[in-house]
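Right, one structure below, let's go through it.
Just so you know, these numbers come straight off a predicted model, no measurement behind them. In what follows, chains are A, B, ... by sequence order, proteins preceding strands, each numbered from 1. Basis for what follows: all heavy atoms, side chains included, without hydrogens, waters or symmetry-related copies.
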Amino acid sequence: MDAIYDPQRIEAKWQQRWAEMKLFEADVDPERKKYYVLEMLPYPSGALHMGHVRNYTLGDALARYLWMKGFNVIHPMGWDAFGLPAENAAIKHGRPPAEWTFSNIEVMRGQLKRLGFSYDWRREIATCAPEYYRWNQWLFLKMYERGLAYRKKSRVNWCPECETVLANEQVINGCCWRHEETAVVEKDLEQWFLKITHYADRLLEDMKHLVRWPERVLTMQRNWIGKSHGTFVDFRIEGLDDSLRVFTTRVDTIFGCTAVFIAPDHPMVEKLIALSKSPQKLREDADRVKASSVRARVEVNLEKLGADTGFRARNPFSGALIPVWLANFVLTEYGTGAVMSVPAHDERDFEFSTDYNLPIKTVIVPQNGKLKEPLEEAFVEYGRLVDSGKYSGLTSEQAIERMTVDAEAGGFGQGTVQYRIKDWGISRQRYWGTPIPILYCDKCGIVPVPEADLPVVLPSEVKLTGQGKSPLETVSEFVNAACPRCGGKARRETDTMDTFVDSSWYFYRYTDPQITLGPINQDAVRYWFPVDQYIGGIEHAILHLIYMRFFTKVMQDIGLVEFSEPVARLFTQGMVLKDGSAMSKSKGNVVDPTEMCAKYGADTVRLYMMFAAPPEKDLDWSDAGIEGAWRFLNRVYRLVEKHKVTLQVSNAGSLEPNLGIESLSSDERRLLRKAHQVLRHVTEDMEYRWHYNTDIAMCMELTNELAESEVAFAAGKIRKEVFRLAIEFLLVALSPFAPHLADELWEALGHSEPILKFPWPAFDPELAAEDELELPVQVNGKLRGRIRVAANASEEQIRQFALEDEKVKQYLNGKQVVKIVLVPQKLVNVVVK
RNA sequence: GCGAAAGUGGCGGAAUUGGCAGACGCGCCAGACUUAGGAUCUGGUCCCGCAAGGGGUGGGGGUUCGAGUCCCCCCUUUCGCACCA
């Protein structure tokens, strides 16, 4: 042990020793209770950022604590290694994506190791390895067999910057999730989809198992799925054989329907144009409305725009003839692409009808009241029906039910459930991803690649241009293949999979990353699952975290797993900011973990990350703050360094020397009380609250207490074993956050095994308790004095002390004591008149 | 616009169930050691006031012996959703 704290030397030493001891390697052991700690795997972009460090430090602290609590802890790490940046880098610098990716992984693995995280590196995976993505293909084929993967031509979101298609989940405010400034454009393309809509109800239903997920995430998922009950109603169009089907959740308002609105790109629009008296004008109107439609917009507020088609439709309930209008705010892809307009009871219809002078007819009134006519705004709540024929007088709830039944009986409608979520488009017109294992044969059509032929390996010699076509199309050896059915000529699918497929099941693979018999080792999964604690950023709430749940349900249906939810508990940590905004290269405000480790060491970086804010909150990086963490670790180091010779014992091992509470001096009692209080706080916090900032504050308090006890220790008023025990408690409490330093000092005290090998000590409630209390005394709620009483003093005694206190007495002069409120352990309040 | 969360010293943040507001750290002030200090140690540090005392957790009201914490109204910030019929 050096005289001066040298984190570089200490951290290298302990990382090497932990690796030699295989300290973090866990294997299936039915005798022991397992715990699965999982953190979101990083994309190998080139370097770790502070957000990663925070995420992984949180997981590491928990994992180390659980090891000491006796759990068999699986704590793996891997690489989300397919993706666009690799391909873009390749285009820019002429380096193959694989080379770029693997060299980034080298760098970032080195960073993780430098930080000393407790990963079982035997379990490392990279999703771009054929041994891994082969099973993406396998799972895809299983879905294909079940009709859960299908191909269809559809309108898709295209990012001109990425030169590829995006999933709905990847479009934010009409722009690309990677390029916030780039508006998404629409294209009609043949695409592969995964039928997540088939699981919409189960994704909702199973949320009841996710009691330890943040409510925020569940709410976002619930909104994204967007289940709503309603009714289809068919409106016959005059002069046409067809009827127009609308979807409504408020069929009770249908007697107030004064128009039907249809999306400008609704399939029926072409038909209407063809039959129109003025087709020229109608086409122009349709184009104009379409140009301003919801899908085309990027800005937030859309002016409502519409045009009368000249056609009329008959309301099947009231028999009224009403105009059919084109409207730019009607979404083609939701419901039926057409709605009934009830301006009196829908805000949007009200606005539109006011603008275009369409009539407004009230058919719902509040349960016990009237509406002021003419309406100033739509009345959208449930109420009682008026002016609605035989339905008048019913409540909205009753009417919805009865009218839906009547529509079904009359053959002009039916009850239905609609979802906002759509199937997951996974085709990407890019190179660096999992090839979709499909062939197109002139004779046989779509033919899946036989399982035995997997993996379909991504060719390595590919010219990348980023020009909006699948690069694989240019590789004739890849494209041209024999049809597995007829042996004839076939073409391979040249699109690759969305990389969110890779991350939808990777955490299963960790439990046996080398297995070649199937995607997962079911025995290992049975032992290790579910993931007990998953930690990551909130930004994946409706991307990864919903896809991952979907995949598990598919795997359950295939018989691969026996449960429907993979993650028992989710924690979403806050972001790491610099000067109030996210760190980014373009802003030039990036704090580099490697630099920080070189300057202060990993323990300081980790400690600061945990100390600066509670983990769920955003953390603003502060250079002064990390200095404070550094100084604290130096204080701890010097404290032990100073006393180690005195405290060393050859046969050290026990954290609980036999010290009877009654034999302690008052100085000893005070020091040990603090030590046990700290341990109590950290232990309870580790179990459920995770406010590590307060745990570290407690460690600082104990360090201060130890420093203050040095005089008494030198004077022999504190015995060696007591002082030593307090230091050991400090090191234990600190070890999840600053593990290298803790081990170095632990060893200096004479221990031959790392701290992780010791069971987490139990605190003694009796020792942690105060034996004398200082109670505040209030008079009429204002603090007036303090009394010292024994912890076991009777209420009677406390009352008496309180009333006798000199300062309190002054305020009681000439007043009548009405009552005395006594809160045990907390305070006394004397109420006077 | 709708929904959720949050507003506490100069700063990051404590106060877990209604019970001493400001733990712990940063910063700042003073002092010690020192050739020196951006090292270390000691003391101080919510505001007003010499003091006694008074005020104080975004603003206003309420419940309570007692409110940062509970209730109502308002303001601000952040996040999510934004024509989903």
Side-chain angles (χ1 to χ4, degrees), chain A residues 4 172-174 214-217 219-220 222-224 226-228 230-231 246-251 253 261 293-294 297 300-302 304 327-331 333-342 345-349 351-352 380 418-422 538-539 541-542 574-575 580 607-608 611-614 616-629 631-632 634-635 638 681 684-685 688-689 691 693-704 707 774-786 818-832:
Chain A
I4 290 172
I172 318 283
N173 287 332
E215 197 46 52
R216 199 149 75 103
V217 173
T219 303
M220 283 166 75
R222 222 174 267 124
N223 292 341
W224 185 256
K227 181 177 184 174
S228 67
T231 314
V246 305
F247 170 69
T248 179
T249 56
R250 293 296 303 274
V251 70
T253 65
F261 295 159
S293 81
V294 180
R297 99 208 129 107
V300 172
N301 282 314
L302 175 84
K304 289 198 173 33
N328 65 343
F329 67 91
V330 178
L331 300 166
E333 65 285 347
Y334 181 77
T336 61
V339 301
M340 63 181 208
S341 166
V342 185
H345 306 295
D346 182 283
E347 283 169 31
R348 298 152 300 185
D349 298 344
E351 189 190 331
F352 190 93
V380 298
Q418 294 291 306
Y419 298 89
R420 185 182 183 273
I421 193 172
K422 289 190 229 91
I538 186 82
E539 67 274 14
I542 50 166
M575 291 194 302
L607 188 89
Y608 169 64
F611 181 63
E616 70 278 6
K617 279 187 68 170
D618 286 349
L619 181 161
D620 207 342
W621 179 271
S622 141
D623 292 330
I626 194 169
E627 284 283 344
R631 285 206 291 255
F632 168 62
N634 272 282
R635 285 189 75 197
R638 284 195 303 269
H681 189 278
E684 288 173 355
D685 198 73
Y688 63 90
R689 208 174 69 130
H691 278 202
N693 53 330
T694 63
D695 299 339
I696 294 165
M698 290 297 273
C699 289
M700 290 171 169
E701 286 187 34
L702 179 53
T703 306
N704 294 342
E774 195 183 65
L775 287 186
V777 181
Q778 299 179 332
V779 178
N780 283 349
K782 284 197 189 290
L783 181 66
R784 297 304 183 189
R786 295 170 194 283
V818 180
K819 73 166 163 177
I820 299 172
V821 181
L822 197 149
V823 185
Q825 316 282 310
K826 294 287 185 188
L827 59 45
V828 183
N829 187 11
V830 184
V831 186
V832 297

> With a 4.0 Å cut-off on heavy atoms, is A:Glu627 in touch with a base, just the backbone sugar-phosphate, or nothing at all?
Replying inline: nothing
> In the structure shown, which nucleotide is the Watson-Crick or G-U wobble counterpart of B:rA5, with both distances under 3.5 Å?
Replying inline: B:rU77
>> What contact category does A:His681 fall into here, base, sugar-phosphate, or nothing, at under 4.0 angstrom with non-hydrogen atoms?
In response: base
>> Counting only Watson-Crick pairs (N1-N3 plus N6-O4 or O6-N4) and G-U wobbles (N1-O2, O6-N3), all under 3.5 Å, who is the partner of B:rC20?
In response: none
>> Please determine whether a side-chain nitrogen or oxygen atom of A:Arg222 lies at a distance below 4.0 Å from atom OP1 or OP2 of B:rC81.
In response: no
>> Is the phosphate of B:rC24 approached by A:Arg635 (side-chain N or O, under 4.0 Å from OP1 or OP2)?
In response: no
> In the structure shown, which nucleotide is the Watson-Crick or G-U wobble counterpart of B:rG49, with both distances under 3.5 Å?
Replying inline: none
> Under 4.0 Å between a side-chain N or O of A:Asn829 and OP1 or OP2 of B:rU64?
Replying inline: no
> Rounding to a whole Å, what distance do you find between A:Lys826:NZ and B:rG18:C1'?
Replying inline: 11 Å
> For the residue pair A:Phe352 and A:Ala327, what are the closest heavy atoms and their distance?
Replying inline: CE1-CB, 4.0 Å
> Touch check for A:Gln778, heavy atoms < 4.0 angstrom, all strands: base, sugar-phosphate only, or nothing?
Replying inline: base
>> Could you tell me how far B:rG38 sits from B:rG27 if I compare only their P atoms? Round to whole Å.
In response: 12 Å
> Given atom CZ of A:Phe329 and atom P of B:rC83, what is their separation to the nearest angstrom?
Replying inline: 11 Å
> Of the nucleotides B:rU40, B:rC65, B:rA85, which has the atom closest to the A:Lys819 side chain?
Replying inline: B:rC65
>> Which nucleotide wins on minimum distance to the side chain of A:Leu827, given the candidates B:rA85, B:rG19, B:rA14?
In response: B:rG19
>> Would you measure the distance from the C1' atom in B:rC46 across to the matching atom in B:rG10 and give it in whole Å?
In response: 11 Å
>> Side chain of A:Ile542 only, heavy atoms from C-beta on: which candidate in B:rC81, B:rG12, B:rA14 is closest?
In response: B:rC81
>> Please classify B:rG9 as syn or anti, treating any glycosidic angle within 90° of 0 as syn.
In response: syn
> Considering residues at least two apart in sequence or located in another chain, which fulfil the salt bridge (charged side-chain N to carboxylate O under 4.0 Å, His left out) criterion with A:Glu351?
Replying inline: A:Lys304
> Which listed nucleotide (B:rC41, B:rG13, B:rA85) is nearest to the side chain of A:Val339?
Replying inline: B:rA85
>> Using 0.5 Å steps for rounding, measure from the CD1 atom of A:Ile421 to the NZ atom of A:Lys227.
In response: 12.5 Å
> Which part of the nucleic acid does A:Asp618 contact within heavy-atom distance under 4.0 Å: base, sugar-phosphate only, or nothing?
Replying inline: sugar-phosphate
>> Using whole Å, what does the distance between atom C1' of nucleotide B:rG80 and atom CZ of A:Arg216 come to?
In response: 8 Å
> Contact class for A:Arg784 vs. all strands (heavy atom < 4.0 Å): base, sugar-phosphate, or nothing?
Replying inline: sugar-phosphate
> Nearest heavy-atom pair of A:Asp695 and A:Asp685: which atoms, and what distance?
Replying inline: OD2-OD2, 2.9 Å
>> For the CD1 atom of A:Ile538 and the CE atom of A:Met220, what is their distance to the nearest 0.5 Å?
In response: 5.5 Å
> Rounding to a whole Å, what distance do you find between A:Tyr334:OH and B:rC81:P?
Replying inline: 17 Å
> Between B:rC26 atom P and A:Leu607 atom CG, what is the distance in whole Å?
Replying inline: 12 Å
> Taking atom P of B:rA85 as reference, at what distance in whole Å does atom CZ of A:Phe352 sit?
Replying inline: 19 Å
>> Within the 4.0 Å heavy-atom criterion, would you say A:Asn634 contacts the bases, only the backbone, or no part of the nucleic acid?
In response: nothing
>> Within the 4.0 Å heavy-atom criterion, would you say A:Val831 contacts the bases, only the backbone, or no part of the nucleic acid?
In response: sugar-phosphate
> Looking only at atom C1', what distance separates B:rA15 and B:rU8, rounded to whole Å?
Replying inline: 10 Å
> What is the distance from CD of A:Glu701 to C1' of B:rA15, rounded to the nearest Å?
Replying inline: 12 Å
> Any Lys/Arg nitrogen of A:Glu215 or A:Arg222 sitting under 4.0 Å from an Asp/Glu carboxylate oxygen of the other?
Replying inline: yes
> Using the P atom in both, what is the distance from B:rG18 to B:rG13, to the nearest Å?
Replying inline: 24 Å
>> Between A:Lys617 and A:Ala707, which residue's closest nucleotide on RNA chain B lies nearer the 5′ terminus?
In response: A:Lys617
>> Does B:rA85 have its OP1 or OP2 closer than 4.0 Å to a side-chain nitrogen or oxygen of A:Ser228?
In response: yes
> Which comes earlier along RNA chain B counting from the 5' end, the contact point of A:Ala624 or that of A:Thr249, where each point is its nearest nucleotide?
Replying inline: A:Ala624
> At under 4.0 Å between heavy atoms, what does A:Gly335 touch on the DNA or RNA strands: base, sugar-phosphate, or nothing?
Replying inline: nothing
>> Under 4.0 Å, counting only non-hydrogen atoms across every strand here, what does A:Asn223 touch: a base, just sugar-phosphate, or nothing?
In response: nothing
>> Tell me whether the count of non-hydrogen atoms from other residues, nucleotides or ligands lying under 6.0 Å of CD in A:Glu616 goes above 12.
In response: yes
> Base, sugar-phosphate, or nothing: which does A:Lys304 touch, judged by heavy atoms less than 4.0 Å apart?
Replying inline: base
> Counting any heavy atom closer than 4.0 Å, what does A:Thr219 reach on the DNA or RNA strands: base, sugar-phosphate only, or nothing?
Replying inline: nothing
> Which part of the nucleic acid, if any, lies within contact of A:Arg786, taking any heavy atom under 4.0 Å across all strands shown: a base, the sugar-phosphate backbone alone, or nothing?
Replying inline: base
> When you measure from the side chain of A:Arg631, which nucleotide among B:rG27, B:rC24, B:rU16 comes out closest?
Replying inline: B:rG27
>> Give me the distance, rounded to whole Å, that separates B:rC47 from B:rC72 when you measure between the C1' atoms they each carry.
In response: 30 Å
> Whom does B:rG43 pair with, Watson-Crick or G-U wobble, provided both distances fall under 3.5 Å?
Replying inline: B:rC29
>> Can you tell me how far apart NZ (A:Lys617) and CG (A:Asn693) are? Round to the nearest 0.5 Å.
In response: 9.5 Å
> Please give, in whole Å, the distance from B:rU78 P to A:Glu616 CD?
Replying inline: 19 Å
> A:Pro614 has a side chain; which of B:rC65, B:rC20, B:rA14 sits nearest to it?
Replying inline: B:rA14
>> Just so I know, are the side chains of A:Met340 and A:Asp349 near enough to count as touching, which here means a heavy-atom distance under 4.5 Å?
In response: no
